[in-house]
Amino acid sequence: MDHIGLFPLFYFPDIGSAWLMGITGTIHILASHTSVGAAMLFAFLAHKAYREDRPELYEYMKKYGMFLLIFSYVIGSITGPGIWYTATAASPRGISALIHNFVWVWATEWVFFVYEVIGVFALVYFIGKIDRKTHLKLTYTFALASVGTLMLIIGIISFMMWPGTDAFYVTGSASDAFFGLNTFPHMFLRIGFMIMMSGVIGMVISSALPDRELRFELTRKMGLVSMLGGFLTLFFFMWYISTLPESAEVLLDLYLPDIIATRIGLMVAFSLYFAVAVFVPRLINQPLASVMVAVVLVVGLWPGEKLRESLRKPYVAGRYIYSNQIISRDVPGKGIKSEVEQLAQVGFLGASPWIPDRLRTITPENRLEVGHLLTKRACSNCHSLEKGGKFRPLMDKVAGWDAATIKTFMQTSLATGAIPYMPKIALPEAEFDAMAAWIATQNH
Ligand code: HEC
């Protein structure tokens, strides 16, 4: 019998593999966004220092640069490969799709990244050692390389949301995949956030400067930079959500009341913080500024990334690979065929190479075990299976349902593809029976 090209399932209890991915990703984003934001900020500061002949700004850049080296480049370089490991384990076919579409884009990004890493070392090391004009040029190229890495990566990440047009499915071309509807709003949204981060981190450095005058001046400036970045983030977020696929709109309606309630509170809190920096800079000290970085991470970045991940549902990439790794449609441009029909015929037990032989045939003795295995395969990429799990816990969604109700739900809603944010999961009746039986033993 023909198997489909599934990989072994990486199952992570309670928080789910998606959260594991999210945690690594969020830390990485904090580090990487700070570094691109700081590259733009450095270009601005170096320009000012050169034009207005202000050597003390070089001192600030040096301190900031040292901080970046540790914070962004060490943490960023550790979590970067970390994302590859977790993403490959959590969603091997998602990663495979990205590589098959974008391998040369990634290679190019790597070249920019190498320049960026060497650039930041050179930039910090050469302050005061080479003439200022050359240093200024170095700063500009560093900023260009940094923004270049962002632009290349964003095309790839935006493709995960959707290619934007149907052209990609027919041509399979990298540029049709790269320049989706969503790519530019996403890019500008991130640039806004990066500018904001460069200010938020900038305050950690400026608030500890020994010279009072300079401390207040720079804290005030960083407050303004953060405000500008925050405003741009908000502005482009509006544009961004207007370029999402239809299924995302259904989810957005589901999550929006919650988002609005929490986001408005956050916006007020951050605007207040930035306003204090601008108008009463002496109130900003290093402990406060450092705590605010952590606050951005936990209450700003994490929910934002979680939202983006959720809005992509039921797909993980390109709107042809479901989060549970099944290919949902033909992509003639890439020679890819939908697997939904085959699964409906032979089920996971027939189509997956990763089923132990003793579980291939359902018997009264192994039924619950098979049900557990199938539920992991079909649902656990998007739902924790443990009671009280953190990640869209399945048992809460079906709390109190008996096996018959669960089976009916699967047959009427999942097998027909009636719910836009869940994959179409059509399976032979015996597999639904086994899953429903196992879930019903867990959900009370
Ligand atoms: C691609 C991701 C994905 C997969 C795979 C998935 N779900 Fe869901 N499921 C969701 C999302 C998104 C929601 C919306 C609610 C939320 O976000 O909390 C949801 C909600 C539900 C609900 C609540 C009813 C509803 O319509 O909102 C049930 C019940 C459910 N899922 C069962 C299952 C079962 C059973 C499986 C496996 C056979 C499964 N899901 C697989 C993403 C998924």
Side-chain angles (χ1 to χ4, degrees), residues 6 9-11 15-19 21-22 90-91 93-94 160-162 244-259 303 306-329 339-340 343-344 347-349 352 370-387 389-443:
L6 289 171
L9 179 76
F10 175 68
Y11 179 72
I15 63 170
S17 55
W19 264 46
M21 175 66 215
S91 182
R93 290 181 112 187
M160 294 179 76
M161 184 66 83
W162 69 318
L244 294 175
E246 231 168 88
S247 58
E249 281 161 24
V250 180
L251 279 169
L252 206 57
D253 283 345
L254 207 66
Y255 303 141
L256 214 52
D258 210 36
I259 299 174
K306 226 168 60 175
L307 178 68
R308 192 171 59 83
E309 192 267 349
S310 290
L311 293 182
R312 215 165 54 211
K313 292 285 162 285
Y315 302 97
V316 66
R319 293 183 81 72
Y320 65 93
I321 299 183
Y322 284 139
S323 291
N324 63 0
Q325 310 292 296
I326 301 305
I327 291 178
S328 73
R329 57 167 291 168
E339 293 164 350
V340 174
L343 265 187
F348 279 112
L349 295 185
S352 168
V370 174
H372 186 190
L373 183 76
L374 292 174
T375 310
K376 268 190 195 164
R377 181 78 259 177
C379 324
S380 76
N381 288 78
C382 303
H383 295 286
S384 304
L385 302 187
E386 290 70 29
K387 207 157 167 61
K390 297 274 174 289
F391 176 52
R392 273 191 218 107
L394 182 62
M395 299 315 158
D396 291 1
K397 305 261 179 228
V398 297
W401 297 10
D402 62 10
T405 315
I406 298 170
K407 182 178 161 192
T408 309
F409 169 81
M410 295 205 262
Q411 283 180 318
T412 52
S413 301
L414 293 180
T416 54
I419 303 182
Y421 46 80
M422 270 197 273
K424 178 172 178 182
I425 307 176
L427 297 171
E429 187 168 0
E431 296 196 3
F432 277 144
D433 268 334
M435 286 162 77
W438 180 76
I439 295 171
T441 62
Q442 304 293 312
N443 69 343

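Counting starts at 1 for both ligands and their atoms, in listed order.
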Pair R377 + E431: basic N to acidic O under 4.0 Å: no
Once you restrict both partners to nitrogen or oxygen, which atoms of ligand 1 have a protein partner under 3.5 Å, and how far apart are they?
| from | atom 1 | to | atom 2 | distance (Å) |
| --- | --- | --- | --- | --- |
| ligand 1 | 7 (N) | H383 | NE2 | 2.7 |
| ligand 1 | 9 (N) | H383 | NE2 | 2.9 |
| ligand 1 | 17 (O) | Y255 | OH | 2.5 |
| ligand 1 | 17 (O) | R392 | NE | 3.0 |
| ligand 1 | 18 (O) | K397 | NZ | 2.6 |
| ligand 1 | 26 (O) | Y421 | OH | 3.1 |
| ligand 1 | 27 (O) | Y421 | OH | 2.9 |
| ligand 1 | 31 (N) | H383 | NE2 | 3.0 |
| ligand 1 | 40 (N) | H383 | NE2 | 2.9 |

D433: partners by side-chain hydrogen bond (donor to acceptor under 3.5 Å, both in side chains), with sequence neighbours left out: K407
Is it true that a side-chain atom of E339 and a backbone atom of I326 form a donor plus acceptor pair closer than 3.5 Å? no
Positive for side chain to side chain contact (heavy atoms under 4.5 Å, CB included) with L394, one of H383, E386, K387: H383
Listed by chain and number, what are the side-chain hydrogen bond (donor to acceptor under 3.5 Å, both in side chains) partners of S323, not counting sequence neighbours? K313
Can you list everything that forms a side chain to side chain contact (heavy atoms under 4.5 Å, CB included) with Q442? Sequence neighbours excluded, please. M395, W438
